[in-house]
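Sharing a structure with you now.
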There are 2 protein chains.
Amino acid sequence: MRPLFHPSVEELRPEAILHALSDPVRAAIFTDIAREGCVQACSTFASVGDRVIPKSSLSQHFKILREAGLIRSERQGVEMRNTSRCPEVEARFPGLMAAILAAYQLVPPATR
Amino acid sequence: MRPLFHPSVEELRPEAILHALSDPVRAAIFTDIAREGCVQACSTFASVGDRVIPKSSLSQHFKILREAGLIRSERQGVEMRNTSRCPEVEARFPGLMAAILAAYQLVPPATR
DNA sequence: TTCAACAGTTCCAAATTCCCGAACAACGGG
DNA sequence: CCCGTTGTTCGGGAATTTGGAACTGTTGAA
């Protein structure tokens, strides 16, 4: 398996970030990772709300979040540790993450 | 032609807004409308940057922006006047529009 | 060393969404 | 009316997304 790609801060693109978070499942996953601040295995999200997410889809979702620069994924033994890159995104696009997370908090994405 | 649908402020959904603005063409259109504050005919955007946008695609883009609640479209004679709904969105999701517009200003979407 | 269990990834085909040319509808001016 | 102009709708091909099945890597136990 090839090493996972993580964009640098300078490579962050608003369209990739917005696209990544425009999906309710990904938004829910990211919200959780950002809240916990750190370390969530992918399998933690085998279901979001009451909806079951197949693991191949989960893997894709994590890839999109990762390549948008929103999370960092590192192998830790048999599982993956996903940590939020909020501080880096904040440095590049001030206020963006806070506003998006706040918006979703007002209207939970799980509602569908 | 049936009347155009505009969501009320309470109906605004973060995922729809992020999806609408995750497309560079739509982001460019919306940025322009938001900057001018008002009144832009669809045909104003027959090209974005150096890229030509077919009018059927343009129509779709405007529909997505409209149904996300980002713009209001009203027929004015033969053309359409599109005005930004930023103040309403701001009331519902404080800071969101400003942060997104600022992010795109740092990394112009036309760059691709 | 070999094996089983587990976490994720990759592959690929079906479903969905997106794109854009062509036809259509609505309005205003001669 | 009949045009010219503006924008919407329709339909089929392109691109993206989805998810089951097979595969890769890692750990721990026999």
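So that the names make sense, note that chain A is the first sequence line, chain B the second, and so on, each numbered from 1.
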### Query
Quick one: Glu74(B) CD to dT6(D) C1', roughly how many Å, whole number?
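Going from CD in Glu74(B) over to C1' in dT6(D) covers 16 Å.
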### Length of the line joining Gln76(B):CD and dT6(D):P, which is rounded to integer Å
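After rounding, the reported distance stands at 15 Å.
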### Summary
A correct 5'-to-3' footprint of nucleotides 11-19 of chain D, with B, S and - meaning base, sugar-phosphate only and no protein heavy atom under 4.0 Å, is ------SSB
### Message
Output the rounded distance in Å from CZ (Phe45(A)) to P (dG8(C)).
### Response
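Between P of dG8(C) and CZ of Phe45(A): 10 Å.
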### Task
State whether the side chain of Glu90(B) and the backbone N or O of Gly95(B) hold a donor-acceptor pair below 3.5 Å, judged by distance alone.
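Yes, the answer is positive, given that a donor and an acceptor are paired below the 3.5 Å cut-off.
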### Query
To the nearest 0.5 Å, what is the distance between OG1 (Thr83(A)) and CD1 (Ile33(A))?
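If we round to the nearest 0.5 Å, Thr83(A):OG1 and Ile33(A):CD1 are 8.0 Å apart.
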### Message
Quick check for you: among dT9(C), dT8(D), dC27(C), whose closest atom lies nearest to any side-chain atom of Val78(B)?
### Response
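Of the options given, the side chain of Val78(B) lies nearest dC27(C).
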### Query
Atom CG of Leu58(A) to atom P of dC6(C): distance rounded to whole Å?
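Distance, rounded to whole Å: 18 Å.
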### Task
Compute the bend angle of the helix from dT1(C)-dA30(D) to dG30(C)-dC1(D) from the end axes (five pairs per end), rounded to 10°.
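About 10° separates the two local helix axes.
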### Distance, rounded to the nearest Å, where Arg75(B) contributes CZ and dA26(C) contributes C1'
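It is 5 Å, rounded to the nearest whole Å.
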### Query
Would you say the side-chain atoms of Arg13(A) pair up with the backbone N or O of Ala68(A), donor to acceptor, closer than 3.5 Å?
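No; judged by distance alone, with no hydrogens or angles, the pair does not exist.
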### Task
Compare the minimum distances between each of dT8(D), dG8(C), dT9(C) and the side chain of Met80(B), then state the nucleotide with the smallest one.
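Between dT8(D), dG8(C), dT9(C), the one nearest the side chain of Met80(B) would be dT8(D).
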#### Entry: Minimum heavy-atom distance Leu12(B)-Gly69(B), with the two atoms named
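Nearest heavy atoms, Leu12(B) then Gly69(B): CD2-CA, 3.7 Å.
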#### Entry: Reported CZ-to-CD distance for the pair Arg92(A) and Glu10(A), which is rounded to 0.5 angstrom
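Interatomic distance, Arg92(A) CZ to Glu10(A) CD, rounded to 0.5 Å: 7.0 Å.
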### Message
In this structure, how many angstroms lie between the C1' atom of dT9(C) and the CG atom of Leu4(A), rounded?
### Response
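After rounding, the reported distance stands at 9 Å.
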### Lys55(A), nearest nucleotide to its side chain (from dT5(D), dT8(D), dA7(C))
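That would be dA7(C).
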### Task
Consider only side-chain heavy atoms of I, L, V, M, F, W and Y, link residues closer than 4.5 Å, and tell whether Leu101(B) and Phe93(B) are in one cluster.
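In one cluster with Leu101(B): Phe93(B), yes.
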### Query
Roughly how far apart are Ser73(B) OG and Glu67(B) CD, rounded to 0.5 Å?
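One finds 10.0 Å between OG of Ser73(B) and CD of Glu67(B).
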### Query
In whole angstrom, what separates Arg81(B)'s CZ from dC27(C)'s P?
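After rounding, the reported distance stands at 16 Å.
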### Task
Drop me the distance from Phe45(A)'s CZ to Leu58(A)'s CG, to the nearest 0.5 angstrom.
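The CG atom of Leu58(A) is 8.5 Å from CZ of Phe45(A), to the nearest 0.5 Å.
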### Query
Whole-Å distance between dT8(D) C1' and Arg66(B) CZ?
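Those two atoms, CZ and C1', are 9 Å apart.
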Check: residues 18-30 of chain A side-chain donor-acceptor pairs under 3.5 Å, at least two apart:
unit_1: Ser22(A); atom_1: OG; unit_2: His19(A); atom_2: O; d: 2.8
unit_1: Asp23(A); atom_1: OD1; unit_2: Val25(A); atom_2: N; d: 2.8
unit_1: Asp23(A); atom_1: OD1; unit_2: Arg26(A); atom_2: N; d: 3.0
unit_1: Arg26(A); atom_1: NE; unit_2: Ala20(A); atom_2: O; d: 2.7
unit_1: Arg26(A); atom_1: NH1; unit_2: His61(A); atom_2: ND1; d: 3.2
unit_1: Arg26(A); atom_1: NH2; unit_2: His19(A); atom_2: O; d: 3.3

